[in-house]
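For reference, the structure is listed below as structure tokens.
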Amino acid sequence: MDSNFYNQVHELVRLVPFGKVTTYGAIANALGAKGSARLVGYAMNQSHLVHPKVPAHRVVNRNGMLSGKFHFEDSNMMQSLLENEGIVIIADKIQNFKNVFWDPLQELTSI
DNA sequence: ACAATGACCCAAG
DNA sequence: TCTTGGGCCATTG
């Protein structure tokens, strides 16, 4: 969309490397919209409408829980995609979350 | 311009 | 550890 905020969220999510995940709050923080984690989630709702497509399955909440899996075409697709990247998920929660967590701030400071 | 929405986060019980 | 309630703020109708 024209909205800068959504666009920034989408671009940032696209930067998430294979086999890694990030959180809504981390994205919001990286964009300077610190308390607006909800807006990140809201932006993800539009993620399937933008191009190129956004790897929304690599974005979870701060607990590592697949909170957005019901927004996919199939409820089990999000978990399948993550498992395909080597991420272990049990009871909709990412195991060893710290190990697979990717902080978007690292990418921003890298620029 | 106002009210409602939400793929979140934090604190308290 | 799990559940509840309030706050947050851009987007949408």
Side-chain angles (χ1 to χ4, degrees):
Chain A
M1 298 293 280
D2 297 330
S3 311
N4 264 359
F5 194 86
Y6 280 20
N7 205 319
Q8 288 186 7
V9 172
H10 296 152
E11 287 189 27
L12 201 60
V13 175
R14 287 190 207 116
L15 297 178
V16 180
F18 184 92
K20 295 286 184 175
V21 298
T22 190
T23 69
Y24 301 97
I27 294 171
N29 195 359
L31 295 179
K34 201 166 182 179
S36 304
R38 312 188 70 171
L39 289 314
V40 179
Y42 210 54
M44 298 311 300
N45 203 2
Q46 304 294 316
S47 63
H48 64 104
L49 301 176
V50 302
H51 298 281
K53 194 187 170 193
V54 178
H57 61 278
R58 294 184 186 147
V59 184
V60 297
N61 68 354
R62 73 159 191 101
N63 294 315
M65 188 162 56
L66 309 186
S67 53
K69 71 174 200 171
F70 294 107
H71 289 260
F72 285 77
E73 299 177 9
D74 294 327
S75 300
N76 58 323
M77 185 167 68
M78 184 174 186
Q79 178 172 341
S80 298
L81 289 169
L82 290 172
E83 288 178 339
N84 189 38
E85 300 191 1
I87 297 175
V88 181
I89 301 174
I90 300 177
D92 296 339
K93 285 180 294 189
I94 296 179
Q95 303 303 305
N96 199 5
F97 181 58
K98 279 179 63 178
N99 194 36
V100 296
F101 175 72
W102 177 81
D103 191 349
L105 287 174
Q106 287 184 341
E107 190 67 19
L108 294 182
T109 51
S110 177
I111 303 172

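In the text below, chain A, chain B and the rest are named by the order of the sequence lines, each starting its count at 1.
- Rounded to whole Å, atom P of B/dA7 lies 22 Å from atom CZ of A/Arg58.
- Distance CG (A/Asn61) to C1' (B/dG6): 14 Å, rounded to an integer number of Å.
- Between B/dC8 and A/Thr23, no contact under 4.0 Å exists linking OP1 or OP2 to a side-chain N or O.
- A/Val88 places none of its side-chain heavy atoms less than 4.5 Å from the side chain of A/Phe97.
- Whole-Å rounding puts the A/Met44 CE to B/dC9 P distance at 13 Å.
- One hydrophobic cluster, built from ILVMFWY side chains closer than 4.5 Å, holds both A/Val50 and A/Val9.
- Counting heavy atoms from C-beta on, the side chains of A/Val60 and A/Lys69 never come closer than 4.5 Å.
- Atoms CD (A/Glu73) and P (B/dA7) sit 17 Å apart, rounded to a whole Å.
- Regarding A/Asn7, its CG atom lies at a distance of 11 Å from the P atom of C/dT11, rounded to whole Å.
- Summary of the strand contacts: A/Asn63 and A/Leu39 both lie near DNA chain B, and taking for each the nucleotide with the nearest heavy atom, the more 5' one is attributed to A/Leu39.
- Note on A/Arg38: every side-chain N or O is 4.0 Å or more away from OP1 and OP2 of B/dC9.
- Rounded to whole Å, atom P of C/dT11 lies 10 Å from atom OH of A/Tyr42.
- A/Val16 and A/Arg58 make their closest contact through O-NH1, 2.9 Å (heavy atoms, listed as atom of the first residue, atom of the second, distance).
- Judged by distance alone, with hydrogens and angles left aside, A/Tyr24 brings a side-chain donor or acceptor within reach of the base of B/dA7, the pair sitting under 3.5 Å.
- The nearest whole Å value for the distance from the CD atom in A/Gln8 to the P atom in C/dT11 is 11 Å.
- Rounding to whole angstrom units, CG of residue A/Asn45 and P of C/dC9 are separated by 21 Å.
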